[in-house]
Amino acid sequence: MDMEVLDDVPLEDLNYETIQGYRNRHQILNAGHPFERLNNDEYLRSIGAAAISKEDYQLHPTAAGMLMFGDEYNIVRHFPDYFLEYREVLDPSIRWTDRLQSSSGEWSGNICDFYFRVYNKIIKDVKVPFSMKGGDRIDDTPVHKALREALANCLINADYYGTRGVVIKKDQNQIIFENPGYIRTGKEQMRKGGESDPRNKTLMKMFNLVNIGERSGSGVPNIFNTWEDQGWKEPVIEERFDPDRTILTLEFVDKTNIEKTAKKTSEENKRRKQAKKTSEGSTIRNKTIENMVKIENYLKENGESKTNDIAEYLNLSSARTRKILSEMKTIEAIGTNTNRKYRLKDNQK
(Lines give C-alpha, C1' and ligand atoms only; values in the text may rest on other atoms or scores of the structure.)
Protein backbone atom coordinates (compact mmCIF):
# COMPACT_ATOMS: atom_id res chain seq x y z
CA MET A 1 0.00 0.00 0.00
CA ASP A 2 2.66 2.53 0.97
CA MET A 3 4.80 1.99 -2.16
CA GLU A 4 2.42 3.95 -4.39
CA VAL A 5 4.14 6.86 -6.19
CA LEU A 6 2.36 10.21 -5.73
CA ASP A 7 2.84 11.46 -9.29
CA ASP A 8 1.38 14.92 -8.68
CA VAL A 9 3.47 15.73 -5.59
CA PRO A 10 6.93 17.34 -5.79
CA LEU A 11 9.68 16.25 -3.39
CA GLU A 12 9.67 19.80 -2.04
CA ASP A 13 6.37 19.02 -0.31
CA LEU A 14 8.23 16.83 2.20
CA ASN A 15 9.40 18.36 5.45
CA TYR A 16 13.15 19.05 5.22
CA GLU A 17 13.67 19.31 9.01
CA THR A 18 12.11 15.88 9.59
CA ILE A 19 14.23 14.33 6.84
CA GLN A 20 17.39 15.91 8.27
CA GLY A 21 16.59 14.68 11.78
CA TYR A 22 15.99 11.17 10.44
CA ARG A 23 19.27 11.21 8.47
CA ASN A 24 21.20 12.33 11.55
CA ARG A 25 19.80 9.45 13.59
CA HIS A 26 20.58 7.00 10.79
CA GLN A 27 24.18 8.24 10.59
CA ILE A 28 24.74 8.10 14.37
CA LEU A 29 23.30 4.60 14.69
CA ASN A 30 24.91 3.23 11.52
CA ALA A 31 28.20 5.08 11.06
CA GLY A 32 29.80 4.39 7.68
CA HIS A 33 26.53 3.26 6.05
CA PRO A 34 26.67 3.58 2.22
CA PHE A 35 23.63 5.91 2.24
CA GLU A 36 25.64 8.55 4.13
CA ARG A 37 27.24 9.87 0.92
CA LEU A 38 23.97 10.27 -1.00
CA ASN A 39 22.29 13.61 -1.56
CA ASN A 40 18.76 14.06 -0.24
CA ASP A 41 16.99 12.96 -3.43
CA GLU A 42 19.10 9.83 -3.79
CA TYR A 43 18.78 9.10 -0.09
CA LEU A 44 14.97 9.33 -0.16
CA ARG A 45 14.86 7.02 -3.17
CA SER A 46 17.18 4.50 -1.47
CA ILE A 47 15.05 4.24 1.67
CA GLY A 48 11.77 4.02 -0.27
CA ALA A 49 10.49 7.52 0.49
CA ALA A 50 10.67 8.53 -3.20
CA ALA A 51 10.48 6.73 -6.54
CA ILE A 52 10.58 7.44 -10.28
CA SER A 53 7.10 8.10 -11.67
CA LYS A 54 5.98 6.27 -14.79
CA GLU A 55 4.10 9.43 -15.75
CA ASP A 56 6.98 11.93 -16.10
CA TYR A 57 10.02 9.82 -15.16
CA GLN A 58 10.83 12.21 -12.32
CA LEU A 59 11.32 11.57 -8.60
CA HIS A 60 8.16 11.95 -6.52
CA PRO A 61 7.33 10.98 -2.93
CA THR A 62 5.86 7.55 -2.30
CA ALA A 63 2.88 7.16 0.00
CA ALA A 64 5.33 5.99 2.69
CA GLY A 65 7.55 9.03 2.12
CA MET A 66 4.58 11.37 2.47
CA LEU A 67 3.35 9.64 5.66
CA MET A 68 6.82 9.55 7.21
CA PHE A 69 8.17 12.96 6.18
CA GLY A 70 5.26 15.08 4.90
CA ASP A 71 3.35 17.89 6.59
CA GLU A 72 -0.10 17.01 7.91
CA TYR A 73 -1.90 19.40 5.54
CA ASN A 74 -0.27 17.61 2.58
CA ILE A 75 -0.73 14.11 4.01
CA VAL A 76 -4.52 14.48 4.35
CA ARG A 77 -4.82 15.31 0.64
CA HIS A 78 -3.90 11.68 -0.04
CA PHE A 79 -5.14 10.08 3.20
CA PRO A 80 -8.32 12.03 4.13
CA ASP A 81 -8.84 10.18 7.44
CA TYR A 82 -5.19 10.42 8.52
CA PHE A 83 -5.00 11.33 12.20
CA LEU A 84 -2.46 10.72 14.97
CA GLU A 85 -3.18 11.43 18.63
CA TYR A 86 -1.48 10.93 21.99
CA ARG A 87 -3.51 11.35 25.20
CA GLU A 88 -2.05 11.34 28.69
CA VAL A 89 -4.13 11.36 31.87
CA LEU A 90 -1.91 10.96 34.94
CA ASP A 91 -4.14 13.05 37.22
CA PRO A 92 -7.79 11.85 37.29
CA SER A 93 -8.94 15.35 38.27
CA ILE A 94 -7.58 16.78 34.99
CA ARG A 95 -9.06 15.84 31.62
CA TRP A 96 -5.71 15.86 29.80
CA THR A 97 -2.32 15.91 31.48
CA ASP A 98 -0.76 16.03 28.00
CA ARG A 99 -2.11 15.80 24.47
CA LEU A 100 -0.53 15.71 21.01
CA GLN A 101 -2.49 15.78 17.74
CA SER A 102 -1.28 15.64 14.15
CA SER A 103 -3.88 18.24 13.13
CA SER A 104 -2.88 20.90 15.68
CA GLY A 105 -0.68 22.84 13.21
CA GLU A 106 1.95 23.28 15.93
CA TRP A 107 4.31 20.67 14.46
CA SER A 108 4.71 18.70 11.21
CA GLY A 109 2.10 16.04 12.09
CA ASN A 110 3.98 13.27 10.25
CA ILE A 111 4.67 9.74 11.47
CA CYS A 112 8.40 10.21 12.03
CA ASP A 113 8.04 13.22 14.33
CA PHE A 114 5.02 11.66 16.06
CA TYR A 115 6.98 8.51 16.88
CA PHE A 116 9.89 10.28 18.56
CA ARG A 117 7.71 12.81 20.39
CA VAL A 118 5.40 10.11 21.75
CA TYR A 119 8.19 7.66 22.58
CA ASN A 120 9.85 10.24 24.81
CA LYS A 121 6.54 10.76 26.60
CA ILE A 122 5.72 7.09 27.23
CA ILE A 123 9.18 6.22 28.61
CA LYS A 124 9.60 9.13 31.01
CA ASP A 125 8.23 7.10 33.94
CA VAL A 126 10.17 3.91 33.11
CA LYS A 127 12.70 3.18 35.84
CA VAL A 128 16.25 2.67 34.52
CA PRO A 129 18.54 0.47 36.64
CA PHE A 130 22.16 1.58 36.85
CA SER A 131 24.18 -0.44 34.32
CA MET A 132 27.60 0.02 32.71
CA LYS A 133 29.10 -1.33 29.50
CA GLY A 134 32.63 -0.47 28.40
CA GLY A 135 32.75 2.42 30.84
CA ASP A 136 29.48 3.92 29.51
CA ARG A 137 26.18 3.94 31.35
CA ILE A 138 23.40 2.02 29.61
CA ASP A 139 20.05 3.80 29.81
CA ASP A 140 18.16 1.26 27.73
CA THR A 141 16.16 -1.64 29.20
CA PRO A 142 13.98 -4.46 27.81
CA VAL A 143 10.94 -2.35 28.78
CA HIS A 144 12.23 0.55 26.62
CA LYS A 145 12.70 -1.86 23.72
CA ALA A 146 9.23 -3.33 24.20
CA LEU A 147 7.63 0.13 24.20
CA ARG A 148 9.56 1.07 21.04
CA GLU A 149 8.32 -2.10 19.38
CA ALA A 150 4.71 -1.53 20.46
CA LEU A 151 4.66 2.06 19.18
CA ALA A 152 6.40 1.23 15.89
CA ASN A 153 4.18 -1.83 15.36
CA CYS A 154 1.09 0.36 15.86
CA LEU A 155 2.25 2.88 13.23
CA ILE A 156 3.62 0.36 10.73
CA ASN A 157 0.47 -1.77 10.69
CA ALA A 158 -2.08 1.04 10.64
CA ASP A 159 -4.46 1.31 7.69
CA TYR A 160 -4.12 5.02 6.89
CA TYR A 161 -7.16 4.83 4.61
CA GLY A 162 -9.16 3.59 7.62
CA THR A 163 -11.16 5.74 10.02
CA ARG A 164 -10.53 7.09 13.54
CA GLY A 165 -6.76 7.20 13.16
CA VAL A 166 -3.95 6.11 15.46
CA VAL A 167 -4.55 6.82 19.16
CA ILE A 168 -2.07 6.23 21.99
CA LYS A 169 -3.50 6.58 25.53
CA LYS A 170 -1.44 6.64 28.71
CA ASP A 171 -2.63 6.74 32.30
CA GLN A 172 -1.07 5.88 35.65
CA ASN A 173 -1.13 2.11 35.17
CA GLN A 174 -1.25 1.38 31.46
CA ILE A 175 -0.59 2.40 27.86
CA ILE A 176 -3.07 1.56 25.08
CA PHE A 177 -2.04 1.49 21.41
CA GLU A 178 -4.90 1.69 18.89
CA ASN A 179 -4.64 1.68 15.11
CA PRO A 180 -7.14 1.35 12.24
CA GLY A 181 -7.00 -1.97 10.39
CA TYR A 182 -7.44 -5.65 11.19
CA ILE A 183 -4.49 -7.93 12.08
CA ARG A 184 -3.22 -9.33 8.78
CA THR A 185 -1.67 -12.46 10.30
CA GLY A 186 -4.53 -12.99 12.77
CA LYS A 187 -4.50 -12.36 16.51
CA GLU A 188 -3.15 -15.79 17.49
CA GLN A 189 -0.31 -15.64 14.96
CA MET A 190 0.52 -12.10 16.03
CA ARG A 191 0.85 -13.32 19.63
CA LYS A 192 2.88 -16.38 18.61
CA GLY A 193 5.18 -14.47 16.23
CA GLY A 194 7.49 -15.84 13.54
CA GLU A 195 5.35 -14.59 10.64
CA SER A 196 5.74 -10.98 9.55
CA ASP A 197 3.22 -9.39 7.18
CA PRO A 198 3.28 -5.62 7.80
CA ARG A 199 0.61 -3.51 6.15
CA ASN A 200 3.18 -0.81 5.27
CA LYS A 201 6.43 -2.55 4.32
CA THR A 202 8.25 0.63 3.29
CA LEU A 203 7.46 2.31 6.59
CA MET A 204 8.86 -0.76 8.31
CA LYS A 205 12.07 -0.48 6.27
CA MET A 206 12.49 3.17 7.26
CA PHE A 207 11.99 2.37 10.95
CA ASN A 208 14.39 -0.59 10.71
CA LEU A 209 17.11 1.68 9.26
CA VAL A 210 17.14 3.62 12.54
CA ASN A 211 17.09 0.41 14.61
CA ILE A 212 13.36 0.46 15.42
CA GLY A 213 11.12 -2.58 14.95
CA GLU A 214 11.63 -6.26 14.18
CA ARG A 215 11.37 -7.74 10.66
CA SER A 216 11.18 -11.34 11.82
CA GLY A 217 7.75 -11.11 13.44
CA SER A 218 9.26 -11.51 16.91
CA GLY A 219 8.37 -8.01 18.14
CA VAL A 220 5.03 -8.81 19.79
CA PRO A 221 6.24 -12.06 21.45
CA ASN A 222 9.19 -10.05 22.83
CA ILE A 223 6.72 -7.59 24.37
CA PHE A 224 4.86 -10.46 26.05
CA ASN A 225 8.15 -11.98 27.27
CA THR A 226 9.30 -8.65 28.72
CA TRP A 227 6.02 -8.15 30.57
CA GLU A 228 6.26 -11.69 31.95
CA ASP A 229 9.86 -11.10 33.09
CA GLN A 230 8.74 -7.94 34.90
CA GLY A 231 5.96 -9.87 36.63
CA TRP A 232 3.32 -7.61 35.08
CA LYS A 233 -0.15 -8.54 33.93
CA GLU A 234 -0.11 -10.18 30.49
CA PRO A 235 -0.66 -7.75 27.57
CA VAL A 236 -4.06 -7.88 25.87
CA ILE A 237 -4.57 -7.87 22.09
CA GLU A 238 -8.05 -6.92 20.92
CA GLU A 239 -9.38 -6.91 17.37
CA ARG A 240 -12.57 -5.05 16.39
CA PHE A 241 -14.42 -4.89 13.09
CA ASP A 242 -16.64 -2.40 11.22
CA PRO A 243 -14.60 -0.29 11.46
CA ASP A 244 -11.55 -2.53 11.70
CA ARG A 245 -9.32 -1.70 14.64
CA THR A 246 -6.41 -3.31 16.52
CA ILE A 247 -5.82 -2.51 20.20
CA LEU A 248 -2.82 -3.50 22.35
CA THR A 249 -3.04 -2.83 26.09
CA LEU A 250 0.11 -2.87 28.24
CA GLU A 251 -0.53 -2.64 31.99
CA PHE A 252 2.17 -1.85 34.55
CA VAL A 253 0.37 -3.91 37.18
CA ASP A 254 2.00 -6.61 39.31
CA LYS A 255 0.51 -9.95 38.29
CA THR A 256 1.15 -11.38 41.78
CA ASN A 257 -0.97 -8.67 43.38
CA ILE A 258 -3.77 -9.38 40.91
CA GLU A 259 -3.64 -13.10 41.78
CA LYS A 260 -3.55 -12.32 45.51
CA THR A 261 -6.48 -9.92 45.13
CA ALA A 262 -8.43 -12.49 43.12
CA LYS A 263 -7.71 -15.18 45.75
CA LYS A 264 -8.67 -12.84 48.57
CA THR A 265 -11.88 -11.86 46.78
CA SER A 266 -12.68 -15.52 46.18
CA GLU A 267 -12.13 -16.38 49.85
CA GLU A 268 -14.25 -13.41 50.97
CA ASN A 269 -17.05 -14.45 48.62
CA LYS A 270 -16.83 -17.99 49.96
CA ARG A 271 -17.05 -16.74 53.56
CA ARG A 272 -20.00 -14.50 52.69
CA LYS A 273 -21.83 -17.39 51.04
CA GLN A 274 -21.16 -19.64 54.04
CA ALA A 275 -22.33 -16.96 56.46
CA LYS A 276 -25.44 -16.41 54.37
CA LYS A 277 -26.09 -20.14 54.25
CA THR A 278 -25.64 -20.43 58.01
CA SER A 279 -27.87 -17.43 58.59
CA GLU A 280 -30.53 -18.78 56.27
CA GLY A 281 -30.26 -22.20 57.94
CA SER A 282 -30.65 -20.61 61.36
CA THR A 283 -33.67 -18.64 60.18
CA ILE A 284 -35.29 -21.77 58.73
CA ARG A 285 -34.64 -23.71 61.93
CA ASN A 286 -36.14 -20.99 64.12
CA LYS A 287 -39.22 -20.91 61.91
CA THR A 288 -39.55 -24.69 62.15
CA ILE A 289 -39.42 -24.60 65.98
CA GLU A 290 -42.05 -21.86 65.95
CA ASN A 291 -44.34 -24.06 63.79
CA MET A 292 -43.79 -27.04 66.10
CA VAL A 293 -45.04 -25.00 69.06
CA LYS A 294 -48.07 -23.94 67.02
CA ILE A 295 -48.80 -27.60 66.16
CA GLU A 296 -48.65 -28.62 69.83
CA ASN A 297 -51.06 -25.82 70.79
CA TYR A 298 -53.38 -26.73 67.93
CA LEU A 299 -53.48 -30.41 68.94
CA LYS A 300 -54.13 -29.48 72.59
CA GLU A 301 -57.19 -27.52 71.51
CA ASN A 302 -58.45 -29.74 68.67
CA GLY A 303 -57.27 -33.20 69.55
CA GLU A 304 -56.53 -35.70 66.79
CA SER A 305 -56.12 -33.86 63.47
CA LYS A 306 -55.30 -34.64 59.85
CA THR A 307 -52.24 -33.24 58.04
CA ASN A 308 -54.38 -31.03 55.79
CA ASP A 309 -56.10 -29.40 58.78
CA ILE A 310 -52.80 -28.67 60.49
CA ALA A 311 -51.28 -27.37 57.19
CA GLU A 312 -54.21 -25.01 56.67
CA TYR A 313 -53.80 -23.69 60.23
CA LEU A 314 -50.05 -23.09 59.69
CA ASN A 315 -50.57 -21.74 56.15
CA LEU A 316 -48.00 -24.24 54.84
CA SER A 317 -48.08 -26.92 52.17
CA SER A 318 -49.06 -30.45 53.16
CA ALA A 319 -45.59 -31.73 52.23
CA ARG A 320 -43.82 -29.15 54.43
CA THR A 321 -46.24 -29.79 57.30
CA ARG A 322 -45.71 -33.55 57.02
CA LYS A 323 -41.92 -32.96 57.19
CA ILE A 324 -42.26 -30.92 60.39
CA LEU A 325 -44.59 -33.51 61.93
CA SER A 326 -42.04 -36.28 61.22
CA GLU A 327 -39.40 -34.36 63.22
CA MET A 328 -41.56 -33.86 66.31
CA LYS A 329 -40.91 -36.22 69.24
CA THR A 330 -43.92 -34.97 71.23
CA ILE A 331 -46.61 -36.28 68.87
CA GLU A 332 -47.60 -39.62 67.40
CA ALA A 333 -49.34 -40.74 64.22
CA ILE A 334 -52.41 -42.99 64.32
CA GLY A 335 -54.30 -44.69 61.53
CA THR A 336 -53.38 -45.71 57.96
CA ASN A 337 -51.86 -43.47 55.31
CA THR A 338 -55.23 -42.41 53.90
CA ASN A 339 -56.78 -41.72 57.30
CA ARG A 340 -53.67 -40.81 59.25
CA LYS A 341 -54.08 -38.39 62.10
CA TYR A 342 -51.73 -36.88 64.63
CA ARG A 343 -52.14 -36.37 68.36
CA LEU A 344 -50.04 -35.43 71.35
CA LYS A 345 -48.44 -38.25 73.25
CA ASP A 346 -50.05 -38.95 76.61
CA ASN A 347 -47.23 -37.34 78.58
CA GLN A 348 -47.69 -34.11 76.59
CA LYS A 349 -51.41 -33.63 77.12
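The residues of the chain are indexed from 1 along the displayed sequence.
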Straight-line distance of N173 CG to L90 CG, nearest 0.5 Å: 10.0 Å

Hydrophobic cluster of W96, others only, ordered by chain and residue number, side-chain cut-off 4.5 Å: V89

Backbone N/O of K329 and side chain of K345: donor-acceptor pair under 3.5 Å: yes

N308 and S318 side chains, donor-acceptor separation under 3.5 Å: yes

Any pair counted as salt bridge (Lys or Arg N to Asp or Glu O under 4.0 Å), so long as it reaches residues 22-36, sequence neighbours left out: none

Any donor-acceptor N/O pair, D7 side chain to S53 backbone, under 3.5 Å: no

Parallel, tilted or perpendicular: ring planes of Y22 versus H26, cut at 30 and 60 degrees: tilted

Any donor-acceptor N/O pair, N179 side chain to L155 backbone, under 3.5 Å: no

Main-chain N/O of H60 paired with T62 side-chain donor or acceptor, under 3.5 Å: no

CG on D13 to CZ on R77, rounded to 0.5 Å: 6.5 Å

Residues T246 and R184: side-chain donor-acceptor under 3.5 angstrom: no

Check: Y161 main-chain N/O paired with D159 side-chain donor or acceptor under 3.5 Å: yes

Other ILVMFWY residues reachable from F241 by side-chain steps of under 4.5 Å: Y182

E149/K145 salt bridge by N-O under 4.0 Å criterion: no

Approximate separation, where rounding is to 0.5 Å, of D309 CG and E304 CD: 12.0 Å

Just list the side-chain donor-acceptor pairs under 3.5 Å for residues 223-232, sequence neighbours left out, or say none.
from	atom 1	to	atom 2	distance (Å)
N225	ND2	P221	O	3.3
T226	OG1	N222	O	2.9
W227	NE1	E251	O	2.8

Can you give the donor-acceptor pairs under 3.5 Å from side chains of residues 14-21 to other protein atoms, not counting sequence neighbours?
from	atom 1	to	atom 2	distance (Å)
N15	OD1	E17	N	3.1
N15	OD1	T18	N	3.0
N15	OD1	T18	OG1	3.3
N15	ND2	D71	OD1	2.8
Y16	OH	Q20	OE1	3.2
T18	OG1	N110	ND2	3.1
T18	OG1	D113	OD2	2.8

Main-chain N/O of I183 paired with N157 side-chain donor or acceptor, under 3.5 Å: no

N291 CG to I324 CD1 distance, which is reported to the nearest 0.5 Å: 4.5 Å

Salt-bridge present (K300, E296; N to O < 4.0 Å): no

Sequence neighbours excluded, every pair satisfying salt bridge (Lys or Arg N to Asp or Glu O under 4.0 Å) that has a member inside residues 237-247: E178-R245, E238-R240

Note: K255-E234 ion pair, threshold 4.0 Å (strictly below): no

